[in-house]
Participant: 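Before we start, here is the structure in question, set down as C-alpha cells.
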Amino acid sequence: EGAGLGHRFLKHLQRTGVLLHLIDIAPSDPAADPVNDARAIVAELKKFSKDLGTKPRWLVINKRDLLPDKEAEARAKDIVRRLRYKGPVHLISAATGRGTRELAEAVMNFLEQRRLEQQQHQQQSARAG
C-alpha cells in the first residue's frame, strides 16, 4: 500500500524501455536469498501495473569479481534456473567493470531496435489510417 518499492519510483519505471534487475551473486548477508528477493520485486511490479509486470526485464548478476569464474557462472545459472527466467542474463562486476561494456551495448542495441520497430509501426498505422 505504497510501501516497498514506492509508488513514485514505480511510476518512474513505467517510462523505461527495459528494466535491469540487479542481483548480487554474493550478498553481504549470508542468510539473504537473492531469488526470493527477486520474486518479491517482480510481484510488486505486477501488483502495481500489468504493463510494468510485462515490461522487458533483464537479469544483471553482479559481484562476479568476488568468486572464481566457474563458481560465479554456476551461481548465476542456479539463480536463473530457480527463477525460471528465460530472458537476457548478464554476469558482471560493477567494481571492476567486467561485463559492463557488453551490458551497456546490449541495452543500447535493444532500445534502438525497439525505437525502429515503433517508428515502423507508426508509419504503417499512418498509411492505413
Side-chain angles (χ1 to χ4, degrees):
E1 312 315 321
L5 292 179
H7 285 250
R8 283 183 32 207
F9 179 69
L10 290 168
K11 284 181 184 179
H12 173 73
L13 291 182
Q14 290 179 310
R15 295 188 308 256
T16 63
V18 62
L19 299 174
L20 300 181
H21 194 145
L22 187 68
I23 297 175
D24 283 346
I25 200 166
S28 56
D29 178 0
D33 183 353
V35 171
N36 284 340
D37 295 343
R39 287 182 181 141
I41 289 171
V42 171
E44 284 202 42
L45 295 174
K46 289 178 180 177
K47 182 179 176 183
F48 181 77
S49 159
K50 180 184 174 192
D51 291 338
L52 196 52
T54 60
K55 186 173 285 286
R57 183 175 56 89
W58 296 4
L59 288 184
V60 179
I61 302 176
N62 187 34
K63 296 190 178 179
R64 78 171 299 156
D65 58 295
L66 298 181
L67 302 169
D69 281 348
K70 288 191 186 237
E71 186 178 348
E73 291 165 8
R75 281 197 193 182
K77 284 181 184 176
D78 183 58
I79 289 169
V80 169
R81 179 189 58 76
R82 289 177 55 209
L83 286 172
R84 294 186 179 122
Y85 181 76
K86 304 286 186 219
V89 178
H90 292 268
L91 182 57
I92 70 162
S93 168
T96 67
R98 184 173 176 191
T100 57
R101 180 181 195 91
E102 294 84 354
L103 172 61
E105 289 174 358
V107 168
M108 289 187 304
N109 290 335
F110 177 80
L111 294 175
E112 180 62 16
Q113 182 64 36
R114 283 197 51 171
R115 186 185 66 77
L116 292 173
E117 289 169 1
Q118 288 172 346
Q119 281 180 341
Q120 289 173 348
H121 179 72
Q122 288 171 348
Q123 290 170 353
Q124 290 171 350
S125 295
R127 281 188 226 125

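Residue numbers run from 1 in the order of the sequence given.
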Participant: Any chain of hydrophobic side-chain contacts (each under 4.5 Å) joining Leu52 to Leu20?
Facilitator: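 Different clusters: Leu52 never reaches Leu20 through Ile, Leu, Val, Met, Phe, Trp or Tyr contacts under 4.5 Å.
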Participant: Taking all atoms of both residues into account, what is the closest heavy-atom pair of Ala106 and Trp58, and its distance?
Facilitator: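 For Ala106 and Trp58, the tightest heavy-atom pair comes out as O-CH2, 3.5 Å.
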Participant: Where do Arg64 and Asp69 land on the side-chain contact (heavy atoms from CB on, under 4.5 Å) test, with the steps shown first?
Facilitator: CA-CA 7 Å; Arg64 78 171 299 156; Asp69 281 348; 3.7 Å; yes
Participant: Evaluate the side-chain proximity of Ile41 to Glu44: yes if any heavy-atom separation is below 4.5 Å, no if none is.
Facilitator: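 No; the side chains remain at least 4.5 Å from each other.
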Participant: Taking all non-hydrogen atoms of both residues, which atom of Ser93 and which atom of Thr100 are closest, and how far apart?
Facilitator: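 Heavy atoms only, the tightest pair is O-CG2, 3.9 Å.
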Participant: Examine distances only and state if a side-chain atom of Arg82 and a backbone atom of Val35 form a donor-acceptor pair shorter than 3.5 Å.
Facilitator: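 Judged by distance alone, no pair lies under 3.5 Å.
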Participant: Please step through salt bridge (Lys or Arg N to Asp or Glu O under 4.0 Å) for the pair Asp78 and Arg81, ending with a clear verdict.
Facilitator: CA-CA 5 Å; Asp78 183 58; Arg81 179 189 58 76; 2.5 Å; yes
Participant: Rounded to the nearest 0.5 Å, what separates atom CD in Gln14 from atom CG in Leu45?
Facilitator: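 Between Gln14 CD and Leu45 CG, I get 10.0 Å after rounding to 0.5 Å.
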Participant: Taking the side chain as C-beta and beyond, is there a heavy-atom pair between Ile23 and Leu59 under 4.5 Å?
Facilitator: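 Yes. Closest side-chain heavy atoms under 4.5 Å.
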Participant: Which heavy atom in Pro30 sits nearest to a heavy atom in Ser28, and how many Å separate them?
Facilitator: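 Of all heavy-atom pairs spanning Pro30 and Ser28, the closest is CD-O, 3.3 Å.
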Participant: How long is the span from the OG1 atom in Thr16 to the CZ atom in Arg57, to the nearest 0.5 Å?
Facilitator: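 Going from OG1 on Thr16 over to CZ on Arg57, the span is 12.0 Å.
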Participant: Rounded to the nearest 0.5 Å, how far does CD of Gln123 lie from CD of Gln120?
Facilitator: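 Going from the CD atom of Gln120 to the CD atom of Gln123 covers 7.0 Å.
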Participant: Does the distance from a Lys or Arg side-chain N to an Asp or Glu carboxylate O, for Lys77 and Glu73, drop under 4.0 Å?
Facilitator: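 So Lys77 does not pair with Glu73 through a salt bridge.
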Participant: Hydrophobic clusters here meaning ILVMFWY residues chained together by side-chain heavy-atom distances under 4.5 Å, can you tell me if Ile92 and Leu67 are in one?
Facilitator: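 Yes, one cluster joins them.
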Participant: Would you kindly say whether Glu117 and Gln113 are connected by a side-chain donor-acceptor distance under 3.5 Å?
Facilitator: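 Their side chains do contain a donor-acceptor pair, which is all the 3.5 Å distance test asks for.
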Participant: Check the hydrophobic clustering (I, L, V, M, F, W, Y; side-chain heavy atoms under 4.5 Å; chains of links allowed) and say if Val42 and Ile61 are grouped together.
Facilitator: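 Val42 does not cluster with Ile61.
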Participant: Applying side-chain contact (heavy atoms from CB on, under 4.5 Å) to Arg39 and Leu83, what does each step give before you reach the verdict?
Facilitator: CA-CA 8 Å; Arg39 287 182 181 141; Leu83 286 172; 3.8 Å; yes
Participant: Under the criterion side-chain contact (heavy atoms from CB on, under 4.5 Å), I'd like the reasoning laid out for Gln119 against Leu116: C-alpha separation, chi angles, the key distance, then a yes or no.
Facilitator: CA-CA 5 Å; Gln119 281 180 341; Leu116 292 173; 3.8 Å; yes
Participant: Is there a path from Leu10 to Leu19 through hydrophobic residues (I, L, V, M, F, W, Y) whose side chains come within less than 4.5 Å of each other?
Facilitator: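 In one cluster: yes.
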Participant: Is Arg114 reaching over with its side chain to a backbone N or O of Gly17, donor-acceptor style, under 3.5 angstrom?
Facilitator: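 Yes; at least one donor-acceptor contact below 3.5 Å.
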Participant: Any side-chain heavy atom of Lys55 within less than 4.5 Å of one from Leu13?
Facilitator: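 No; the side chains remain at least 4.5 Å from each other.
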